[in-house]
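Below is one structure, written out as C-alpha cells, with a few remarks after it.
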Amino acid sequence: MDSPSPPSKRRRKNECGDDTSSSPVVVFAHGAGAPSSSDWMIKWKDMLGKALDAVEVVTFDYPYIAGGKRKAPPKAEKLVEFHTDVVKGAVAKFPGHPLILAGKSMGSRVSCMVACKEDIAASAVLCLGYPLKGMNGAVRDELLLQITVPIMFVQGSKDGLCPLDKLEAVRKKMKSLSELHLIDGGDHSFKIGKKHLQTMGTTQDEMEGLAVQAIAAFISKSLGER
C-alpha cells in the first residue's frame with residue numbers, strides 16, 4: 001500500500017512566509033495514566049509528525065501529572081480550560097496553519113470537548129483509543145453527538161473501553177464526518193499479542209504503520225475540504 005502524500009505537499013512555499021502553508025499544527029494530549037514523556041506518547045508524536053508533515057506536534061502535561069506528580073486524574077471536564085490554553089498558544093505560534101486536535105484515551109475526550117468550543121477552529125480531531133465506556137460501564141456518547149468537525153477513531157479490536165458495536169451505533173448518529181481504523185488484535189494502547197501477530201504474519205510496527213497511513217489519508221481529506 002502506497003503511503004498518502006502528507007497534507008502539506010499540496011501547498012507549500014519557502015520558509016520566508018510567502019504563503020500560508022497547509023502543514024498542520026497538531027496538539028496531542030496524553031491519557032490519564034502516563035505523561036507526555038511516556039514511550040508511547042513519544043513514539044506516536046514522532047509518527048504523527050512525520051505522517052502529517054506537521055509544522056509541530058505540541059505535547060504537554062495536564063497539571064495533575066506535571067512535574068512527576070502521580071495524582072488521580074480529575075474529571076475530563078476540569079481539564080478543558082488548561083487544554084484550551086495550550087491550543088490557543090499553539091495557534092498563536094503558528095497562525096494560518098490548520099489545527100489538528102489529537103489525544104490518547106482521556107486526552108481524546110478532552111480534545112473533543114475543546115473542539116466543541118466556539119473560539120476553537122479545529123480542522124479535525126484524532127482519537128487514539130477513545131474511551132467510550134465510563135467507569136460505571138455506561139456509554140458516553142453525548143460529547144460525540146455534539147461535535148461537528150471531522151473526527152477519526154483509531155481503536156484496538158480488543159479494547160474493552162470501546163465496544164465496537166457501541167461505537168458504530170454512535171457514529172451513525174453523529175453530525176460530523178467520522179472514520180474508524182481498526183487495529184486487529186490491539187488493546188486500549190494498540191498492543192497486539194505475539195501469537196496474534198504470528199497468525200497474521202505481521203508485526204506491531206507494521207500494524208501501527210497502517211494506522212498512521214489511514215490517519216494521514218483522513219487528515220489530508222479533511223484539510224482538502226476546508
Side-chain angles (χ1 to χ4, degrees), residues 1 3-4 26 28-52 57 59 65 73 76 100-113 115 124-141 143-144 147 150-174 176-219 222:
M1 181 184 299
S3 299
V26 181
F28 185 22
H30 64 77
S36 62
S37 57
S38 69
D39 291 344
W40 195 96
M41 283 291 294
I42 291 172
K43 179 181 181 180
W44 276 86
K45 174 182 179 179
D46 181 62
M47 290 194 297
L48 291 176
K50 291 177 179 176
L52 303 181
V57 179
T59 56
I65 207 171
I100 307 298
L101 300 179
K104 165 74 171 82
S105 191
M106 179 195 73
S108 68
R109 281 197 77 220
V110 184
S111 294
C112 289
M113 293 175 186
V125 180
L126 171 60
C127 299
L128 303 177
Y130 191 85
L132 186 62
K133 283 176 57 176
M135 296 298 291
N136 61 359
V139 173
R140 303 181 289 193
D141 61 355
L143 175 61
L144 296 179
I147 197 166
I151 180 170
M152 181 169 190
F153 301 94
V154 180
Q155 302 291 150
S157 66
K158 295 185 178 181
D159 183 356
L161 293 180
C162 189
L164 296 176
D165 58 336
K166 303 293 186 184
L167 179 60
E168 284 304 298
V170 173
R171 289 181 62 215
K172 290 178 181 178
K173 297 186 291 183
M174 290 173 61
S176 61
L177 169 70
S178 71
E179 284 191 15
L180 167 65
H181 180 83
L182 197 61
I183 297 182
D184 191 2
D187 63 11
H188 188 55
S189 295
F190 309 149
K191 182 68 176 177
I192 306 169
K194 290 183 179 180
K195 289 185 178 180
H196 195 81
L197 289 171
Q198 291 173 352
T199 299
M200 294 190 297
T202 187
T203 66
Q204 182 77 38
D205 287 345
E206 287 175 350
M207 293 296 284
E208 291 182 351
L210 290 175
V212 171
Q213 286 185 25
I215 291 168
F218 177 80
I219 297 300
S222 298

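Every value quoted in this text rests on a predicted model; they were computed, and no experiment measured them.
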Is K191 atom NZ crowded by more than 12 heavy atoms from other residues, nucleotides or ligands, each under 6.0 Å away? no

Report yes if the side chains of L144 and C112 come closer than 4.5 Å at any heavy-atom pair, otherwise no. yes

For D39, does the CG atom sit with more than 12 other heavy atoms under 6.0 Å from it, leaving out its own atoms? no

Angle class for the F153/Y130 ring planes (parallel below 30°, perpendicular above 60°, tilted otherwise)? perpendicular

Do any N or O atoms from the side chain of Q204 and from the backbone of F190 form a donor-acceptor pair under 3.5 angstrom? yes

Under 3.5 Å, side chain of S178 to main-chain N/O of I151, donor-acceptor pair present? no

Quick check for you: to the nearest 0.5 Å, what is the distance between T202 atom OG1 and D184 atom CG? 10.0 Å

Between R140 (side chain only) and P131 (backbone N and O only), is there a donor and an acceptor less than 3.5 Å apart? yes

For residues K45 and F28, report the shortest heavy-atom separation together with the two atoms involved. N-CE2, 3.7 Å

Which heavy-atom pair separates I219 from A124 by the least distance, and what is that distance? CD1-CB, 3.8 Å

Distance check, rounded to the nearest 0.5 Å: I100 atom CD1 versus F218 atom CZ? 8.5 Å

Between R109 (side chain only) and A76 (backbone N and O only), is there a donor and an acceptor less than 3.5 Å apart? no

Out of curiosity, S189 OG to L128 CG, how far, rounded to the nearest 0.5 Å? 10.0 Å

Report yes if some heavy atom in the side chain of I183 is under 4.5 Å from a heavy atom in the side chain of V154; otherwise report no. yes

Do H30 and I65 come close enough that some side-chain heavy atom pair is under 4.5 Å? yes

Report yes if some heavy atom in the side chain of D159 is under 4.5 Å from a heavy atom in the side chain of D187; otherwise report no. no

For residues A51 and V212, report the shortest heavy-atom separation together with the two atoms involved. CB-CG1, 3.1 Å

Donor-acceptor under 3.5 Å (S157 side chain, G185 main chain): yes

Output the distance between atom CG (L182) and atom CE (M207), rounded to the nearest 0.5 Å. 8.0 Å

Looking at side-chain heavy atoms only, is the closest gap between L48 and L126 below 4.5 Å? yes

Let me confirm one number: the NE2-CE distance from H196 to M200, rounded to the nearest 0.5 Å. 3.5 Å

Are K133 and K166 packed together at the side-chain level, in the sense that at least one heavy-atom pair is separated by less than 4.5 angstrom? no

Is K104 close enough and on-axis enough to W40, meaning under 6.0 Å and within 45°, for cation-pi? yes

What pair of heavy atoms forms the shortest contact from L132 to P163, and how long is it? CD2-O, 4.5 Å

Do H181 and I215 have side-chain heavy atoms sitting under 4.5 Å apart? no

Does any non-hydrogen side-chain atom of M47 lie less than 4.5 Å from one of D205? no

Hey, could you give me the CE/CG distance between M174 and L143, rounded to the nearest 0.5 Å? 9.0 Å

On a heavy-atom basis, which atom in S105 and which in H188 lie closest, and how many Å separate them? OG-NE2, 2.7 Å

Just do the side chain to side chain contact (heavy atoms under 4.5 Å, CB included) check on L180 and E168 with the steps written out, would you? CA-CA 9 Å; L180 167 65; E168 284 304 298; 3.4 Å; yes

Grab the two heavy atoms, one from V125 and one from S111, that are nearest each other, plus how far apart they are. CG1-CB, 4.3 Å

